[in-house]
Asker: 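Below: one structure in structure tokens.
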Amino acid sequence: MNRLRWGMIGGGEGSQIGPAHRLGAGLDGLFTFAAGALDHRADAGIAYGRSLGLGDRAYGSWQEMLAAEAARDDRVDLVTVATPNATHFEITRAFLEAGFHVLCEKPMTMSVEEGEIIVETARRTGRICAVNYGYSGYSLVRHMRAMVARGDLGRVRLVKADFAHGHHADAGDADNPRVRWRYDPAQAGVSAQFADCGIHALHMASFVTGQEVTKLSADIVSCIPSRTLEDDAMVDFRMDGGTVGRLWTSSIALGRQHGLAIEVFGETGGLRWSQEQPNQLYHMPLGGRLQVIERGEADLSPEADRTSRVTVGHAEGMPLAFANIYKDLAEAITATKEGRAIDPAADLYPRAEDGLRSMAAVAAVAESGRNDGAWRDARPPMFR
Ligand code: NAI
């Protein structure tokens, strides 16, 4: 496979997510980091990009990068959008329209309408638009999906997903500008905690079960009363294969650190996995004994083997999960270039359609929450 060229927008010096993307894209030698508009301050973005070896392909703005890269024969093959949420739609749409493949950070857009436009644009232009539900890249998450798909649990009765942390629990911090915007509808949209973290958990419930969310009922609260948007939500949902779903997300759960976890309960077995202990998957077969499946062990599924990167017993973390999304994308882009079918084992990266489904769920959660938990259709209008 020839090396592909990769560019990033956002992810500047000191950003939270930029380093994980650079590690993930760089891990396999499939992408060369070739271009970037890394910071909202032009000078800082150019200086940081040059320090990372981008030379004259370190740009001062994404518009400048779009114009310059579109004119090059050796333009970047994939652009990652790792800027703040409200900018995702405009940047992703513009790069897709110009013929680039895009990996957009979550949430993909701020509204269902924008999400539908991104899906339509990706389909019309024939470009890949992926969304970074990067936790779906973990080896044991892929293994859970494979176990469910091959029937190890029988019919899945119940899925339970959490994403609860305590990093916004300090009421004295509520006016801190770095925290306050997240709970302000003018900047964050209709949802805070669910749109930020809950959608990761909901995506994982769909990814692992292979089912889509059809309807939901939400109880949303601002435990810190000065907040307009929710800092805690409990969401009940139903899936198109008949599975019942439960989801809890919170930002005031002191003592919880990252707090992404998933449990799947079927007729003949149960599975439990947590992002903070990603190397262990707990499997309880009906009538058997609780077993610990270790990442990297022999005889796991091909999907798990393909995405396991370090030897058994060694820690594997979020940048390596992101690397699996990039590995999938490298295969998808190369298959597109060569006009051949993608390797099915790589065809698991989250798509614009998943980003859109999340936005429909965000809208349904906000609407249900305002109506005392009334059940709402959680499907995007274009998929009904
Ligand atoms: P951050 O505030 O730490 O960094 C944002 C970066 O984008 C900064 O370097 C800033 O200068 C740059 N930037 C802002 N506007 C820009 C523009 N117009 N052009 C170029 N650069 C610009 O934000 P953080 O936490 O890194 O989040 C970025 C995105 O990643 C968010 O959408 C967030 O939801 C998402 N995220 C996703 C995670 C995941 O697991 N998939 C985890 C954490 C964040």
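Order of appearance sets the numbers: ligands from 1, and atoms from 1 within every ligand. This is a predicted model, so every value here is computed, not measured.
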Asker: Please write down residue, atom name and distance for the protein heavy atom closest to atom 7 (O) of ligand 1.
Answerer: Gly10 CA, 3.5 Å

Asker: With a cutoff of 4.0 Å, is His88 in contact with ligand 1, counting heavy atoms of the residue only?
Answerer: yes

Asker: Taking 4.0 angstrom as the limit and counting only heavy atoms of Gly11, give me the atoms of ligand 1 inside it, by number and element.
Answerer: 6 (C), 7 (O)

Asker: On a heavy-atom basis, I'd like to know which of Pro107, Ala37, Ala82, Ala44 is closest to atom 20 (C) of ligand 1.
Answerer: Ala37

Asker: Would you mind listing which atoms of ligand 1 come within a distance below 4.0 Å of any non-hydrogen atom of His200?
Answerer: 39 (C), 40 (O), 41 (N)

Asker: Assess the side chains of Ser308 and Arg295: does a donor N or O sit below 3.5 Å from an acceptor N or O?
Answerer: yes

Asker: Do the two ring centres, one from His258 and one from Phe163, sit under 6.0 Å apart?
Answerer: yes

Asker: Return the closest protein heavy atom for atom 11 (O) of ligand 1 as residue, atom name and distance.
Answerer: His40 ND1, 2.8 Å

Asker: So does Arg124 pair up with Glu97, basic N to acidic O under 4.0 Å?
Answerer: yes

Asker: Is the ring pair Tyr138/Tyr135 parallel, tilted or perpendicular, if the boundaries are 30 and 60 degrees?
Answerer: parallel

Asker: Yes or no: does Gly134 have any heavy atom under 4.0 Å from an atom of ligand 1?
Answerer: no

Asker: Is it the case that ligand 1 has an N or O less than 3.5 angstrom from some N or O of Lys106?
Answerer: yes

Asker: Which ligand 1 atoms does Asn85 reach within 4.0 Å, using its non-hydrogen atoms?
Answerer: 31 (C), 32 (O), 33 (C), 34 (O)

Asker: Any atom of ligand 1 sitting under 4.0 Å from a heavy atom of Thr87?
Answerer: no

Asker: Looking only at protein heavy atoms, which one is nearest to atom 23 (O) of ligand 1, and how far off is it?
Answerer: Gln16 N, 4.6 Å

Asker: To the nearest 0.1 Å, how far is atom 43 (C) of ligand 1 from its closest protein heavy atom, and which atom is that?
Answerer: Ile17 CD1, 3.5 Å

Asker: My understanding is that only one of Asp347, Asp305, Asp328 makes a salt bridge (charged side-chain N to carboxylate O under 4.0 Å, His left out) with Arg142; could you say which?
Answerer: Asp328

Asker: Would you say atom 2 (O) of ligand 1 has a protein heavy atom nearer than 4.0 Å?
Answerer: no

Asker: Answer yes or no: is there an ion pair linking Asp354 with Arg351, defined by an N-O contact shorter than 4.0 Å?
Answerer: no

Asker: Quick one: do the Thr83 and Glu105 side chains pair a donor with an acceptor below 3.5 Å?
Answerer: no

Asker: Which atoms of ligand 1 are found less than 4.0 Å from any heavy atom of Asn132?
Answerer: 41 (N)

Asker: Regarding Arg123 and Glu353, does a basic nitrogen lie under 4.0 Å from an acidic carboxylate oxygen?
Answerer: yes

Asker: I'd like to check which ligand 1 atoms, numbered from 1 as shown, lie under 4.0 Å from a non-hydrogen atom of Leu38.
Answerer: 9 (O), 12 (C), 21 (N)

Asker: Distance to the ring centre below 6.0 angstrom and angle to the axis at most 45 degrees; does that hold for Arg127 and Phe100?
Answerer: no

Asker: Could you check whether Asp56 pairs with Arg50 (Lys NZ or Arg NE/NH1/NH2 to Asp/Glu carboxylate O, under 4.0 Å)?
Answerer: no

Asker: Under 4.0 Å, counting heavy atoms only: does Tyr135 come that close to any atom of ligand 1?
Answerer: yes

Asker: Give the residue and atom name of whichever protein heavy atom lies nearest to atom 37 (C) of ligand 1, and the separation in Å to one decimal.
Answerer: Glu105 OE1, 2.9 Å

Asker: Quick one: nearest non-hydrogen protein atom to atom 14 (C) of ligand 1, plus distance?
Answerer: Pro84 CD, 3.2 Å

Asker: Could you find the nearest protein heavy atom to atom 17 (C) of ligand 1 and give me its residue, atom name and distance?
Answerer: Thr83 CG2, 3.9 Å

Asker: Tell me, which protein residue and heavy-atom name are nearest atom 9 (O) of ligand 1, and how many Å apart are they?
Answerer: Gly12 N, 2.9 Å

Asker: Are any of the side-chain nitrogens in Asp77 or Lys337 under 4.0 Å away from the carboxylate oxygens of its partner?
Answerer: yes

Asker: Applying side-chain contact (heavy atoms from CB on, under 4.5 Å) between Tyr326 and each of Thr80, Leu30, Leu27, report the one that passes.
Answerer: Thr80

